[in-house]
S.K.: 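Quick one: structure below, then a few questions.
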Amino acid sequence: MSIDKIERFVCCGMDVHKDILVATIGITDRSTLITQYVQETFNSFNSDLYRLCDWLASHHCSEVCMESTGKYWIPVYNVLEEKGFTVCLAHPKYTKAIKGKKTDKKDSKWICDLYKHDLVRGSFIPPKEIRELRDIARYYYKLIGMNSSESKRYQNCLTVSNLGIGSIFTDVNGKSATRVMEAVLAADDPNDISDEDLLKLVHKSCKKKDQLLDAVRGCRIESDQRFKMREIQKHKEELDQHLTACFAEMIKRATPFFHQFLHIVEIVGISLLSAILIISEIGVDMTVWEDARHLCSWAGLTPGNNESANKKKSTRITKAGQYLKPLLVQCALCATKNPNGYFGIKYRRIKKRRGHKKAIIAIARMMLICIYHMILTGESFKPSDYDELMNPKPRKPRELTIESAVDFLKSSGTDIDAIIASLREGPPDQITVQS
């Protein structure tokens with residue numbers, strides 16, 4: 001696109017901060033193409049944000065562009081969206097001003113000029129209902145991380161106290177391990193607990209039940225470790241309650257969209273929770289993406305372009321998709337557990353050539369492409385090569401002809417001319433093949 005071509009004759013650029021925002025309206029004359037600028041500074045309070053809307057309407061400006069600075073853009077975006085303005089939210093790397101010539105007023109004017117010439121690409125902003133679902137889903141993600149951190153701290157306390165519970169039970173937070181630890185923490189001295197009472201707390205299916213006494217006897221739980229383990233247990237119980245509440249809220253908010261995306265759980269490795277978390281990131285309207293490749297690039301599942309002088313410096317995947325990419329990787333790991341499944345076969349083929357990590361990323365990308373097309377068309381899960389991959393046709397035996405035999409002898413290094421000469425000189429039983 002030529003820089004002289006003006007796409008928006010009346011538009012606004014905003015430089016948003018925590019307490020203030022600077023807005024610049026560019027009004028371009030259609031005949032002379034001369035732009036006049038009107039600037040105004042507003043604070044971030046609701047009353048001034050509504051005054052901003054009135055100010056924009058007074059200049060007949062309906063298109064606004066601003067940077068995504070932290071969380072400060074969200075209240076401005078919500079008010080402008082409520083009033084019916086078209087808002088373009090740009091990544092700061094696309095609107096970065098020239099170094100040394102940077103002020104709030106110059107930044108807002110620079111953003112206005114870029115937007116006027118359509119040189120700014122807007123970020124993906126889902127509808128309000130999806131944004132609300134995404135906020136709760138990301139809070140759920142953080143709670144899961146907190147729960148995992150507490151589990152690791154709990155395991156460290158067991159190690160410091162020389163309690164070998166982790167070597168006996170697969171999950172130190174399981175029912176048997178929890179009952180044993182409650183009894184140990186309730187007693188002043190764990191050695192006072194009788195062997196029979198201790199073994200009764202363990203489920204009969206435990207394979208290392210006979211080693212439990214050796215793991216508990218002789219342990220030394222100091223007062224600081226006892227305090228930490230009790231507080232961690234309380235915190236984990238509280239986190240479980242918050243996780244349950246978040247899951248219920250996500251189900252309630254995602255229910256109106258179930259008919260649009262619920263069928264993606266047909267994909268092996270994607271549960272109901274995973275489907276809701278994926279939809280909270282990408283939405284249910286696939287027409288906002290140019291194609292499936294655009295969605296995969298946005299999710300950080302494609303190689304980045306880093307090439308100079310016709311040399312590729314790196315082909316690593318990008319850092320995008322902070323929440324979506326780890327989720328899809330977990331779904332891909334689950335889908336490849338079945339070696340005879342669709343993704344299991346794909347994974348084993350790619351792993352032979354590229355290794356485990358690149359194969360998992362490739363499977364995650366395939367799953368996202370399937371999700372894109374399933375939501376876009378409403379079809380069930382059946383890739384184009386599904387039948388060919390799952391039910392391969394038996395190969396027909398290759399017919400041996402004179403031409404193929406001659407080609408095989410030539411490829412193996414056999415001297416064909418020597419064979420012909422031997423045939424002319426004597427009977428076949430005297431032929432000598434020279435390689």
Side-chain angles (χ1 to χ4, degrees), residues 136-251 268-274 276-277 323 326-327 329-338 356 360:
I136 299 173
R138 291 183 176 182
Y139 179 57
Y140 183 87
Y141 177 85
K142 295 294 184 182
L143 290 176
I144 290 290
M146 293 170 64
N147 202 352
S148 300
S149 299
E150 288 289 42
S151 297
K152 293 176 182 178
R153 294 188 188 99
Y154 188 73
Q155 180 65 61
N156 291 338
C157 292
L158 295 177
T159 303
V160 171
S161 303
N162 200 20
L163 269 166
I165 301 297
S167 302
I168 306 298
F169 303 104
T170 305
D171 183 12
V172 294
N173 297 310
K175 293 182 179 180
S176 297
T178 302
R179 286 196 294 264
V180 171
M181 287 307 303
E182 287 176 354
V184 170
L185 293 176
D188 295 333
D189 187 0
N191 297 314
D192 295 339
I193 306 175
S194 64
D195 296 349
E196 295 180 359
D197 294 339
L198 198 60
L199 293 175
K200 286 179 181 179
L201 301 174
V202 184
H203 195 270
K204 60 182 180 180
S205 62
C206 181
K207 297 180 180 179
K208 298 182 180 180
K209 187 176 182 179
D210 54 339
Q211 301 179 12
L212 178 63
L213 300 178
D214 294 334
V216 176
R217 298 306 183 198
C219 65
R220 298 180 59 185
I221 306 178
E222 302 295 341
S223 59
D224 58 331
Q225 300 301 324
R226 188 185 296 270
F227 171 78
K228 282 181 63 178
M229 284 191 282
R230 285 174 175 170
E231 293 301 317
I232 289 172
Q233 287 178 347
K234 293 178 183 177
H235 191 199
K236 285 179 65 63
E237 291 175 0
E238 184 179 354
L239 287 173
D240 290 338
Q241 296 176 2
H242 293 316
L243 287 169
T244 304
C246 281
F247 181 70
E249 184 67 18
M250 286 190 296
I251 290 290
V268 178
I270 297 182
S271 62
L272 175 61
L273 176 60
S274 299
I276 293 175
L277 295 176
Y323 294 91
L327 173 62
V329 168
Q330 293 297 322
C331 294
L333 289 169
C334 182
T336 55
K337 286 183 178 180
N338 182 11
H356 166 71
I360 285 296

S.K.: With sequence neighbours excluded, what pairs up with Arg138 under the side-chain hydrogen bond (donor to acceptor under 3.5 Å, both in side chains) test?
M.R.: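 Counting only residues at least two positions away or on another chain, Arg138 forms a side-chain hydrogen bond (donor to acceptor under 3.5 Å, both in side chains) with Glu281.
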S.K.: Which residues pass the salt bridge (charged side-chain N to carboxylate O under 4.0 Å, His left out) test with Lys234, sequence neighbours left out?
M.R.: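 Glu231.
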S.K.: Hey, could you give me the CE/CD1 distance between Met229 and Ile221, rounded to the nearest 0.5 Å?
M.R.: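 Rounded to the nearest 0.5 Å, the CE-CD1 separation comes out at 4.5 Å.
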S.K.: Going by the rule side chain to side chain contact (heavy atoms under 4.5 Å, CB included), which residues pair with Ala245 if we only count those two or more places apart in sequence or in a different chain?
M.R.: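 Partners of Ala245 under the side chain to side chain contact (heavy atoms under 4.5 Å, CB included) test: none.
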S.K.: Which residue pairs pass the ring pair (Phe, Tyr, Trp, His ring centres under 6.0 Å) test with at least one member in residues 136-192, sequence neighbours excluded?
M.R.: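 Of all non-adjacent pairs touching residues 136-192, those that pass ring pair (Phe, Tyr, Trp, His ring centres under 6.0 Å) are Tyr141-Tyr323.
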S.K.: Only counting residues at least two apart or in another chain, list the ones meeting ring-ring contact (aromatic ring centres under 6.0 Å, His included) with His356.
M.R.: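 His356: ring-ring contact (aromatic ring centres under 6.0 Å, His included) contacts with Tyr347.
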S.K.: Write down the atom of Cys334, the atom of Gly269, and the distance for their closest heavy-atom approach.
M.R.: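 Nearest pair, atom of Cys334 first, then Gly269: SG-CA, 3.9 Å.
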S.K.: Using every non-hydrogen atom in the two residues, find where Ile168 and Leu212 come nearest and quote the distance to one decimal.
M.R.: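 So the minimum-distance heavy-atom pair works out to CD1-N, 4.2 Å.
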S.K.: Checking Asn147 now: which residues fulfil side chain to side chain contact (heavy atoms under 4.5 Å, CB included) with it, not counting sequence neighbours?
M.R.: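 Side chain to side chain contact (heavy atoms under 4.5 Å, CB included) list for Asn147, sorted by chain: Ser151, Lys236, Leu239, Asp240, Leu243.
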S.K.: Write down the atom of Ser274, the atom of Leu327, and the distance for their closest heavy-atom approach.
M.R.: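 In terms of heavy atoms, the two residues are closest at O-CD2, 4.0 Å.
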S.K.: Taking all non-hydrogen atoms of both residues, which atom of Asp171 and which atom of Ala177 are closest, and how far apart?
M.R.: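 So the minimum-distance heavy-atom pair works out to O-CB, 3.6 Å.
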S.K.: What residues form a side-chain hydrogen bond (donor to acceptor under 3.5 Å, both in side chains) with Arg230, not counting sequence neighbours?
M.R.: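 With neighbours one apart ignored, the set is empty.
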S.K.: I'd like to check the side-chain hydrogen bond (donor to acceptor under 3.5 Å, both in side chains) partners of Ser161; sequence neighbours left out, ordered by chain and number.
M.R.: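 Scan of Ser161 (side-chain hydrogen bond (donor to acceptor under 3.5 Å, both in side chains), adjacent residues dropped) gives none.
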S.K.: Is any side-chain heavy atom of Leu163 less than 4.5 Å from a side-chain heavy atom of Met181?
M.R.: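 Yes - at least one pair of side-chain heavy atoms lies under 4.5 Å apart.
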S.K.: Suppose we screen for side chain to side chain contact (heavy atoms under 4.5 Å, CB included). Which residues come up paired with Ser149, at least two apart in sequence or across chains?
M.R.: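 Ser149: side chain to side chain contact (heavy atoms under 4.5 Å, CB included) contacts with Arg153.
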S.K.: Mind checking the CD-SG spacing from Gln233 to Cys157? Nearest 0.5 Å is all I need.
M.R.: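 The SG atom of Cys157 is 10.0 Å from CD of Gln233, to the nearest 0.5 Å.
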S.K.: So which pairs with a foot in residues 175-184 pass salt bridge (charged side-chain N to carboxylate O under 4.0 Å, His left out), sequence neighbours left out?
M.R.: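 Salt bridge (charged side-chain N to carboxylate O under 4.0 Å, His left out) check on residues 175-184 returns no pairs.
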S.K.: Search all heavy atoms of Cys246 against all heavy atoms of Leu143 and return the closest pair with its distance.
M.R.: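 Smallest interatomic distance, heavy atoms only, reads SG-CD1, 3.9 Å.
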S.K.: My understanding is that only residues two or more places apart in sequence, or in another chain, count here; which of them pass side chain to side chain contact (heavy atoms under 4.5 Å, CB included) with Ala137?
M.R.: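 Result, side chain to side chain contact (heavy atoms under 4.5 Å, CB included) vs Ala137: Met250, Leu277, Ser280.
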S.K.: Of all heavy-atom pairs between Ala335 and Val268, which one has the smallest distance, and what is that distance?
M.R.: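 Heavy atoms only, the tightest pair is CB-O, 3.2 Å.
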S.K.: Quick check: do His242 and Glu238 have side-chain heavy atoms less than 4.5 Å from each other?
M.R.: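 Side-chain contact under 4.5 Å: yes.
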